[in-house]
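Below, chain A is the first sequence line, B the second, and so on; all start at residue 1. Atom set for the values below is all heavy atoms of this structure, side chains included, hydrogens, waters and symmetry mates excluded. Only a predicted model underlies this, so the values are computations on that prediction, with no experimental measurement involved.
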Amino acid sequence: MNDSSNTDHALPSHFIRHMIEHDLASGKHGGRVQTRFPPEPNGFLHIGHAKSICLNFGLAEQYHGACNMRFDDTNPEKESQEFIDAIKADVKWLGFKWHGEVRYTSAYFQQLFDFALQLVRAGKAYVCSLTPEQAREYRGSLTEPGRNSPDRERSSEENLELFLRMQKGEFADGQYSLRAKIDMSSPNINMRDPIIYRIRNVVHHQTGDYWKVYPMYDYAHCISDALEHVTHSLCTLEFEDHRPLYDWLLHNLSVDSLRNACLELGNLQEDARYVLPEQTEFARLNINYNVMSKRKLKELVELGLVGGWDDPRMPTLSGLRRRGFTPASIRRFCEIIGMSRSESIVDIGMLEHCIREDLDENSARAMCVLRPLKVTLINFTDEQAQTLHLPRHPKKDIGERQINFGRTLYIDQTDFEQTPPPGYKRLSPGEEVRLRGAYVIKCEEVICDSEGKVVELLCSLDPSTLGQNPQGRKVKGVIHWVPAEGALRAEVRIYDRLFNNSNPDDKLLGDFKNSLNADSLQILTDCLVEPSLESAVAEESFQFEREGYFCVDRYDSRPNALVFNRTVSLRDSWTKTNT
RNA sequence: UGGGGUGUCGCCAAGUUGGUAAGGCAUCAGAUUUUGAUUCUGACAUGCGUUGGUUCGAGUCCAGCCACCCCAGCCA
């Protein structure tokens with residue numbers, strides 16, 4: 001794991017930090033900062049979640065508070081242990097440590113149920129027999145108010161009995177629901193007697209078959225926050241309209257009972273002040289040329305359009321990890337994109353900048369020839385072969401690597417041009433170029449096969465140019481190479497953006513899969529890397545000079561059959577101006 | 001056409017109580033360079049969705065428009 005960025009960057013301010021500083025100054029939450037990261041375990045985490053993770057954990061770190069890791073597992077049908085394990089691994093990999101044990105909303109099911117009983121007894125919740133279709137019809141529309149359920153005035157005794165029977169498993173899924181009694185004519189649809197419990201006769205991955213009723217998100221989330229004594233409940237913009245319900249539920253439950261439950265769970269000191277949590281929303285992350293919805297990512301996986309959740313082209317954390325992105329680069333990215341309430345689409349170039357910044361500073365250099373072209377040095381014999389010592393990094397002292405230099409070697413096919421374009425600084429007939437870390441050579445003869453394809457170059461070497469510039473002339477270019485003797489065969493996977501369109505979510509484009517880039521993966525199997533890479537370990541990152549940053553694939557690479565993933569290319573002002 | 005939001009440089013994004021538009025990414029130009037990389041230097045919004053108003057002075061206050069996003073799951 002590459003996590004060594006010691007570059008200091010001041011933390012930019014944003015509205016949430018302002019709010020917290022204000023709260024701290026006013027003593028609103030008793031000077032505490034308690035956040036939480038509450039994913040539903042129904043898929044893998046993606047870079048959008050990283051924004052939330054960095055926010056919640058980062059805030060806790062910065063203000064000496066704590067951040068809980070909580071699985072919001074109220075919908076057993078879509079969730080699984082596999083996702084729980086993957087999510088935990090991703091958060092740890094990002095470098096964050098949650099406060100205490102991992103929490104589960106399902107661990108609060110009993111308390112949640114008891115609070116529901118409290119609402120029922122208080123006449124603030126009722127059991128409704130409307131079918132899902134009827135409920136939708138009764139709810140009204142965006143412009144029309146809803147109508148009261150015929151069960152709205154049922155006595156609390158009867159509601160109590162029915163709700164208890166719901167949990168006993170006496171009814172079928174959908175036969176009854178528990179609803180908060182608020183206002184069917186509210187302009188905010190979330191307040192039109194929202195359903196807070198539904199019947200599901202299924203097995204839950206954490207609680208087994210004990211529960212027959214499951215709480216809805218709106219009901220469970222605010223109470224879970226209160227039970228964990230969360231101060232700042234941060235979520236994305238689409239939950240803005242849910243905030244009145246979040247507050248309604250907490251304010252219609254007895255604070256003492258919330259406090260006591262919090263106390264019993266060990267989340268509150270005996271004599272401490274108890275303050276209810278407050279929700280604040282921020283804009284979710286969008287990145288161009290990417291889709292960021294779990295539903296769509298899941299679809300790509302299930303349709304086999306990518307290799308899995310951790311396919312290196314995916315914006316998932318496990319995909320980015322496999323691609324070679326470092327935790328530090330992702331955290332840095334989440335910092336520089338800022339935090340606001342306006343929906344925006346961040347340029348993928350920002351993410352690329354972050355990983356280049358990290359890897360430029362922290363990765364060792366090596367040479368890799370992607371498309372080998374044989375070069376024979378006509379005035380150099382194998383008896384003259386020598387070992388060269390090259391620094392592993394141009395600026396930081398992290399040791400050196402050895403490369404043998406002999407009569408035959410390989411350069412990249414793209415570094416030779418029979419008829420070079422103006423400004424070309426690489427090898428061409430009759431011209432000189434420097435072999436990186438070695439000598440200046442001159443192309444004397446080009447050997448082609450019967451089809452005219454260049455198969456070998458015969459070059460002469462200037463023996464006076466090792467470690468010094470030739471006299472009386474300037475050699476414009478430097479190219480990388482690999483010795484024939486000792487070079488390692490490697491497979492290199494080159495990734496391009498998964499989508500051709502900058503906004504695959506654009507509804508005018510139809511299905512997002514229409515924008516899929518058919519050439520997003522290119523596999524090169526005949527690459528040659530320098531001998532020093534023999535000791536490369538899984539996930540280790542390198543800069544292959546003049547090519548880009550690559551990492552050892554954590555699953556497919558073997559010592560004798562190396563596999564590298566290209567994380568990102570180097571910035572390139574040459575091909576950019578020549579296309 | 002109900003409710004809730006958002007509109008500052010190509011992309012993000014700062015702009016405390018109104019005082020004369022931070023920063024990053026990208027881009028362009030130049031210097032250094034045995035990576036056409038890195039690094040360094042310089043350029044890059046008389047303008048803050050729009051129209052009016054208040055004011056000596058408005059991105060910041062007021063009013064009206066316009067555009068876009070979210071909400072009618074017993075999903076989260």
- Query: When you check the phosphate oxygens OP1 and OP2 of U34(B), does a side-chain N or O of T465(A) lie under 4.0 Å from one of them?
  - Reply: no
- Message: Here's a test of your reading of the structure: between D218(A) and R332(A), which maps to the more 5' nucleotide of RNA chain B?
- Response: R332(A)
- Query: Is any side-chain nitrogen or oxygen of R198(A) closer than 4.0 Å to OP1 or OP2 of A76(B)?
  - Reply: yes
- Message: Distance check, P atoms only: A26(B) and U51(B), in whole angstrom units.
- Response: 34 Å
- Message: Does E352(A) reach a base, just sugar-phosphate, or nothing at all? Heavy atoms under 4.0 Å.
- Response: nothing
- Message: Is the terminal nitrogen or CZ of R147(A) (NZ for Lys, CZ for Arg) located under 6.0 angstrom from the six-membered ring centre of Y138(A) and within 45° of that ring's axis?
- Response: yes
- Message: Using salt bridge (Lys or Arg N to Asp or Glu O under 4.0 Å), reason through D225(A) and R70(A) one step at a time and then give a plain yes or no.
- Response: CA-CA 10 Å; D225(A) 283 343; R70(A) 180 168 83 225; 2.7 Å; yes
- Query: Centre of Y214(A)'s six-membered ring, under 6.0 Å away, within 45 degrees of the axis: is that where NZ or CZ of R200(A) sits?
  - Reply: no
- Item | Nearest-Å distance once atom C1' is located in both A14(B) and C68(B) | 23 Å
- Task: Return no unless some side-chain N or O of R139(A) is found under 4.0 Å from OP1 or OP2 of G73(B).
- Result: yes
- Message: Counting the atoms with a prime plus P, OP1 and OP2 as sugar-phosphate, which does K294(A) contact under 4.0 Å by heavy atoms, base, sugar-phosphate, or nothing?
- Response: nothing
- Hey, does N75(A) reach any base, or is it just sugar-phosphate, or nothing, if we go heavy atoms under 4.0 Å? sugar-phosphate
- Task: State whether S340(A) places a side-chain N or O below 4.0 Å from either non-bridging phosphate oxygen (OP1 or OP2) of U8(B).
- Result: no
- Expressed in whole Å, how much space separates the C1' atoms belonging to U33(B) and C12(B)? 31 Å
- Message: Quiz question: by atom type and distance under 3.5 Å, do the side chains of N188(A) and S186(A) form a donor-acceptor pair?
- Response: no
- Indicate, with a heavy-atom threshold strictly under 4.0 Å, whether L142(A) touches base, sugar-phosphate, or nothing. base
- Measure the spacing between NE2 of H221(A) and CD of Q279(A) and express it to the nearest 0.5 Å. 7.5 Å
- Message: Contact between S149(A) and Y126(A) at the side-chain level, heavy atoms closer than 4.5 Å - yes or no?
- Response: yes
- Query: Under 4.0 angstrom, heavy atoms only, what part of the nucleic acid is P394(A) near: base, sugar-phosphate, or nothing?
  - Reply: base
- Kindly say if R571(A) contacts the phosphate of U27(B), meaning a side-chain N or O under 4.0 Å from OP1 or OP2. yes
- Item | Atom C1', compared across C62(B) and C44(B): separation rounded to whole Å | 35 Å
- Query: Is a side-chain donor or acceptor of S224(A) paired with a backbone partner of T105(A) at a separation under 3.5 angstrom?
  - Reply: no
- Message: Using a 4.0 Å heavy-atom cut-off, does G548(A) contact any base of the nucleic acid, only the sugar-phosphate backbone, or nothing at all?
- Response: nothing
- Message: Heavy atoms only, 4.0 Å cut-off, all strands: where does H221(A) land among base, sugar-phosphate and nothing?
- Response: nothing
- Phosphate-side-chain proximity, R341(A) and C68(B), N/O vs OP1/OP2 below 4.0 Å: no
- Task: Determine the contact category for S141(A): base if any of its heavy atoms lies under 4.0 Å from a base atom, sugar-phosphate if only primed atoms, P, OP1 or OP2 are that close, otherwise nothing.
- Result: base
- Task: Please list, by residue number, the residues of residues 126-137 of chain A whose heavy atoms come closer than 4.0 Å to an atom of RNA chain B; answer none if no residue qualifies.
- Result: L130(A), T131(A), P132(A), R136(A)
- Query: Is there ring stacking between W574(A) and G36(B), where the centres must be under 5.5 angstrom apart and the planes under 30 degrees?
  - Reply: yes
- How would you label the contact of G349(A) with the nucleic acid (heavy atoms, under 4.0 Å): base, sugar-phosphate, or nothing? sugar-phosphate
- Query: Is the distance between the ring centroids of Y439(A) and F405(A) under 6.0 Å?
  - Reply: yes
- Would you classify R356(A) as touching base, sugar-phosphate or nothing, given that sugar-phosphate means primed atoms plus P, OP1 and OP2, and contacts are heavy atoms under 4.0 Å? nothing
- Task: Can you tell me, in whole Å, how much space there is between the C1' of G42(B) and that of G4(B)?
- Result: 46 Å
- For R192(A), which contact category applies under a 4.0 Å heavy-atom criterion: base, sugar-phosphate, or nothing? nothing
- Would you call R566(A) and E547(A) a salt bridge, taking side-chain N to carboxylate O under 4.0 Å as the test? no
- Query: Base, sugar-phosphate, or nothing for R200(A), non-hydrogen atoms under 4.0 angstrom?
  - Reply: base
- Message: Once you apply a heavy-atom cut-off of 4.0 Å, does Q468(A) come out as touching a base, just sugar-phosphate, or nothing?
- Response: base
